[in-house]
Amino acid sequence: LLATGERSGELVTALERGADHLEQDARIRLQLFNSLVYPTVIVAIALAIFAGLTIFVVPKFADALQKAGHVEIPFGAQLMLDLSQWIDRFGIHALTVTAVVLVVVFAGYRLGLIKNFVDRLVFKIPFVGTNILNASMAHMGWTMSVLLQSGQSLLESLEFLARNTGNRVISDSFRKARDEILEGNNLAHSLDQPEIPLLVRNMCVVGERSGQLESAVRGLGEHFQRESSRRLKTTIAVMEPVMTLSVAGLVAFIYISFFKALMLVNTAI
């Protein structure tokens, strides 16, 4: 943007467009980050509760249940006892292996060795893949609009998007679109790919035919930003009761299983 602004004599305008773009990009990233906070906290609490019950609570009931050897232990209680014993024997080893695997995966992702595989896997996850797609399309709309208005060509804009889009699936789509344009195709035809929504291609057709491509892609950015916000709110609204019920169900399963076992022990005594 700075180079284009200096060449065209519109440096102030280029800086203003860059500032607007950075604000929109930061807003999209903040929405994605905020959408992950609540689920992460709930999952962490659920795992902490499960680990605490399995490591500290279950063993206290184990002696009483094992002393009543002639009492048939319910399936749920027996399952928790077996799991508790497994954690006591192999828990440290399992944590060590898990930590090593996570470090290797993180390092491989950061170095780009498995980034393509991980990005494609994440892109196929329900809700998550859709949110990534909407955020990427919003980023595409704002970025391409700013670059085109600043005098950049379609090739330069798509090359920039291919280099600066986080998800490899979307990045590869922009790179293929750039190659299609090099072969003489228009933007709408170049974006005719499975990962690109039909709305994007249709709006590009309208923009190219009307000569208002910058306005069309900016409108796409606004639309997908609203859609991303709406879907993120919907996802969070669905996750809240589901995760709350999951945690409550986990705790209830453990307590009910051992309550039944203790009642059988008392009856036997």
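As a basis for the values below, the full set of heavy atoms in this structure was taken, side chains included, without hydrogen atoms, waters or symmetry mates. When a residue number appears, it is its place in the shown sequence, counting from 1.
- A heavy-atom distance below 4.5 Å is found between the side chains of Gln193 and Ile196.
- For Thr98 (side chain) and Ala94 (main-chain N/O), a donor-acceptor pair under 3.5 Å exists by modelled atom type.
- Proximity of a side-chain donor or acceptor of Gln152 to a complementary backbone N or O of Gln149 within less than 3.5 Å is not detected.
- Residue Arg230 places its CZ atom among more than 12 non-hydrogen atoms of other residues, nucleotides or ligands, all under 6.0 Å distant.
- Applying the side chain to side chain donor-acceptor pair (under 3.5 Å) test to pairs two or more places apart or on separate chains, those with a residue in residues 111-129 are Tyr109-Lys115, Tyr109-Asp119, Lys115-Asp119, Asn116-Arg120, Arg120-Asp172.
- To the nearest 0.5 Å, atom CD1 of residue Ile170 and atom CE of residue Met137 are 4.5 Å apart.
- If you take CD on Glu156 and CG on Leu147, they are separated by 8.5 Å, rounding to the nearest 0.5 Å.
- A continuous path of hydrophobic side-chain contacts links Val101 to Leu121 [ILVMFWY only; heavy atoms under 4.5 Å].
- In this structure the side chain of Ser136 never reaches within 4.5 angstrom of the side chain of Phe224, judged on heavy atoms.
- Between Ile181 and Asn185 the shortest side-chain heavy-atom distance does not fall below 4.5 Å.
- Nearest heavy atom pair, residue Leu191 against residue Arg201, reads O-CD, 3.0 Å.
- Nearest heavy atom pair, residue Leu187 against residue Leu154, reads CD2-CD2, 3.9 Å.
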Worked verdict on Val217 versus Met203 for side chain to side chain contact (heavy atoms under 4.5 Å, CB included): CA-CA 7 Å; Val217 292; Met203 285 297 294; over 6 Å; no
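- The structure places OG1 of Thr165 at 8.5 Å from CZ of Phe160, a figure rounded to the nearest 0.5 Å.
- Note: the hydrophobic cluster containing Leu198 does not contain Leu213 (ILVMFWY, side chain heavy atoms under 4.5 Å, direct or indirect links).
- Taking a cutoff of 4.0 Å between a charged side-chain nitrogen and a carboxylate oxygen, Glu159 and Arg163 qualify as a salt bridge.
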Would you sort out whether Arg218 and Glu214 count as a salt bridge (charged side-chain N to carboxylate O under 4.0 Å, His left out), showing the intermediate values? CA-CA 6 Å; Arg218 177 173 286 274; Glu214 299 90 345; over 6 Å; no
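- Annotation for Ser173 and Glu195: closest pair OG-OE1, 3.3 Å, computed over non-hydrogen atoms.
- Residues Val105 and Phe123 share a hydrophobic cluster, clusters being chains of Ile/Leu/Val/Met/Phe/Trp/Tyr side chains in contact below 4.5 Å.
- Of all heavy-atom pairs between Ser157 and Leu148, the closest is OG-CD2, 3.8 Å.
- Going from atom NE2 of His139 over to atom CD1 of Ile132 covers 14.0 Å, rounded to the nearest 0.5 Å.
- Among residues two or more places apart in sequence or in another chain, the salt bridge (Lys or Arg N to Asp or Glu O under 4.0 Å) test is passed with Glu222 by none.
- Under the 4.5 Å side-chain heavy-atom criterion for ILVMFWY residues, no single connected hydrophobic cluster contains both Phe106 and Val97.
- Criterion: ILVMFWY side-chain heavy atoms under 4.5 Å apart, direct or through other members. Under it, Val128 and Leu133 are part of a common hydrophobic cluster.
- Side chains of Leu158 and Arg175 form no contact here, defined as non-hydrogen atoms less than 4.5 Å apart.
- A salt bridge does not link Lys176 to Glu180: none of the charged side-chain nitrogens sits closer than 4.0 Å to a carboxylate oxygen.
- Taking CZ from Phe174 and CG from Asn164, the interatomic distance works out to 11.0 Å, rounded to the nearest 0.5 Å.
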Is there a side chain to side chain contact (heavy atoms under 4.5 Å, CB included) between Gln225 and Trp142? Walk through the geometry before answering. CA-CA 10 Å; Gln225 184 173 347; Trp142 286 108; 3.1 Å; yes
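- Put simply, NE2 on His189 and CD on Glu208 are 11.5 Å apart, with the number rounded to the nearest 0.5 Å.
- Within a 6.0 Å sphere centred on CD1 of Ile92, other residues, nucleotides and ligands contribute 12 heavy atoms or fewer.
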